[in-house]
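Please read the structure below before turning to the comments.
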Amino acid sequence: MKNLRNAFLGLGLAGAAVLAQASPIFLDFEGIADDTSVADFYNGGGGTNYGVSFSSGVAQVDSDAGGSGDIANEPSPSTVLLFLDGTQSSFLNYAPGFNTSVSFFYSSVTDINVKVYTELNGGGSLLGSIALTSQFDLGGCNGDPTGTFCNFTLASLIFTGTGKSIDFGETLNQVAFDNIALNAGALPPGNGGGNNKVPEPHTLALMGLALAGMGAVRRRKPAADRVEPIS
């Protein structure tokens, strides 16, 4: 009986750990001064201490809000993340690990790939990759047209496993990121930019696979546990 009780206690602790690991984390970069390194802002450096750090990257505030950022229609005014060191990959690191999903808004003048790895700084195994396409020629920057980075698009990567780092690639002032979300499903908050785009086809496909998986789980439930609609 004691062994059984200990087993249940162990399962409870393991379940609690999984729940804690899966808690949503949202990074909108608001409150970071213009042209200031993001680095450990979310790791005890002034913002909410999530334990999230960046190997590089600076915050830039929209020029319309008094900053130096060449941006417009950002999802959560008025600050975004840019990487200014194009000689090496830039990483988000989260040692406790995140699972299920990574989502963010981005505006890019080039094509890049964002990747999720099982270890810090791009170590371990690759869990997934998402291709981000250039939006430089999209045009139609209505409402807030004064910015090169004016078309923000939602991108989401749903994966299986636990990631500890995100590789944003070697981007030299070519991509603006905002509202990075971990463990939050396909849509991060703050999608209020005047020119934000709907998910691209590959994003919708990933979301469809996730919903299909949820449907399969539902179908496996005993019939007695389901309430069928009245026709």
Side-chain angles (χ1 to χ4, degrees), residues 24-95 98 102-110 112 114-116 120-122 130 132 134-136 141 143-156 165-184 187-197:
I25 295 175
F26 302 110
L27 313 175
D28 62 10
F29 309 104
E30 302 304 321
I32 310 178
D34 185 46
D35 272 337
T36 299
S37 172
V38 176
D40 288 316
F41 181 77
Y42 291 109
N43 188 30
T48 302
N49 188 358
Y50 293 118
V52 173
S53 63
F54 291 82
S55 65
S56 62
V58 299
Q60 289 201 337
V61 177
D62 192 336
S63 59
D64 294 333
S68 62
D70 187 18
I71 56 177
N73 300 304
E74 56 275 12
S76 55
S78 298
T79 312
V80 301
L81 167 71
L82 281 95
F83 298 105
L84 304 180
D85 185 357
T87 62
Q88 59 184 0
S89 291
S90 301
F91 297 99
L92 176 156
N93 288 310
Y94 182 55
F98 52 91
V102 172
S103 303
F104 51 82
F105 283 96
Y106 80 97
S107 183
S108 178
V109 298
T110 187
I112 65 167
V114 173
K115 304 174 182 178
V116 174
L120 302 179
N121 295 313
I130 183 170
L132 307 184
S134 171
Q135 302 149 315
F136 186 68
C141 294
D144 183 8
T146 57
T148 299
F149 300 103
C150 67
N151 292 297
F152 278 85
T153 299
L154 170 64
S156 299
S165 66
I166 303 173
D167 180 358
F168 291 97
E170 300 175 6
T171 58
L172 177 59
N173 198 24
Q174 295 175 312
V175 189
F177 294 95
D178 202 4
N179 289 24
I180 297 174
L182 310 177
N183 302 324
L187 180 65
N191 57 337
N195 221 47
N196 294 330
K197 305 299 179 182

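Quick note: numbers below take in every heavy atom, side chains included, and nothing from hydrogens, waters or symmetry partners.
- The side chain to side chain contact (heavy atoms under 4.5 Å, CB included) with S78 is formed by just one residue from the set I71, V61, D64; it is V61.
- Ring planes of Y42 and F29: perpendicular class, angle over 60° (limits at 30 and 60°).
- With a 4.5 Å cut-off on side-chain heavy atoms, V114 and D167 do not count as touching.
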> What's the verdict on side-chain contact (heavy atoms from CB on, under 4.5 Å) for Y94 and I25, showing C-alpha distance, side-chain angles and the deciding distance?
Replying inline: CA-CA 11 Å; Y94 182 55; I25 295 175; 3.6 Å; yes
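- Here the shortest heavy-atom pairing between A39 and S37 reads CB-OG, 3.3 Å.
- The ring of F177 has its center closer than 6.0 angstrom to the ring center of F168.
- Atoms CG and CD1, from L81 and I32 in turn, are 8.0 Å apart once rounded to the nearest 0.5 Å.
- Side-chain N/O atoms of N121 and S165 include no donor and acceptor closer than 3.5 Å.
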> Are Q174 and S108 close enough, and set up right, to give a side chain to side chain donor-acceptor pair (under 3.5 Å), and what steps lead you there?
Replying inline: CA-CA 6 Å; Q174 295 175 312; S108 178; over 6 Å; no
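- Checking side-chain atoms of N49 against main-chain N and O of G44 turns up a donor-acceptor pair under 3.5 Å.
- When every heavy atom of S53 is checked against every heavy atom of D40, the shortest pair comes out as CB-OD1, 3.1 Å.
- F91 contributes atom CZ, which lies 9.0 Å from atom OG of S56 (distance to the nearest 0.5 angstrom).
- For the atom pair S76 OG and N179 CG, the distance stands at 3.5 Å (nearest 0.5 Å).
- Contact between F26 and A181 at its shortest, heavy atoms only, is CD2-CB, 3.6 Å.
- Taking each heavy atom of G51 and N43 in turn, the nearest pair found is CA-OD1, 3.3 Å.
- Separation of atoms CG (D28) and CZ (F104) is listed at 16.0 Å; rounding is to 0.5 Å.
- Remark: I166 CD1 to L92 CG distance equals 4.5 Å, nearest 0.5 Å.
- Of the options V80, V109, D62, N73, a side chain to side chain contact (heavy atoms under 4.5 Å, CB included) to F149 is made by V109 and by none of the others.
- When side chains are defined from C-beta on, Y106 does not count as touching D178, because their heavy atoms never get closer than 4.5 Å.
- Considering Q60, E30, E74 as possible partners of T79, the one that fulfils the side-chain hydrogen bond (donor to acceptor under 3.5 Å, both in side chains) test is E30.
- Residues S107 and N151 have side chains that never bring a donor and an acceptor to within less than 3.5 angstrom of each other.
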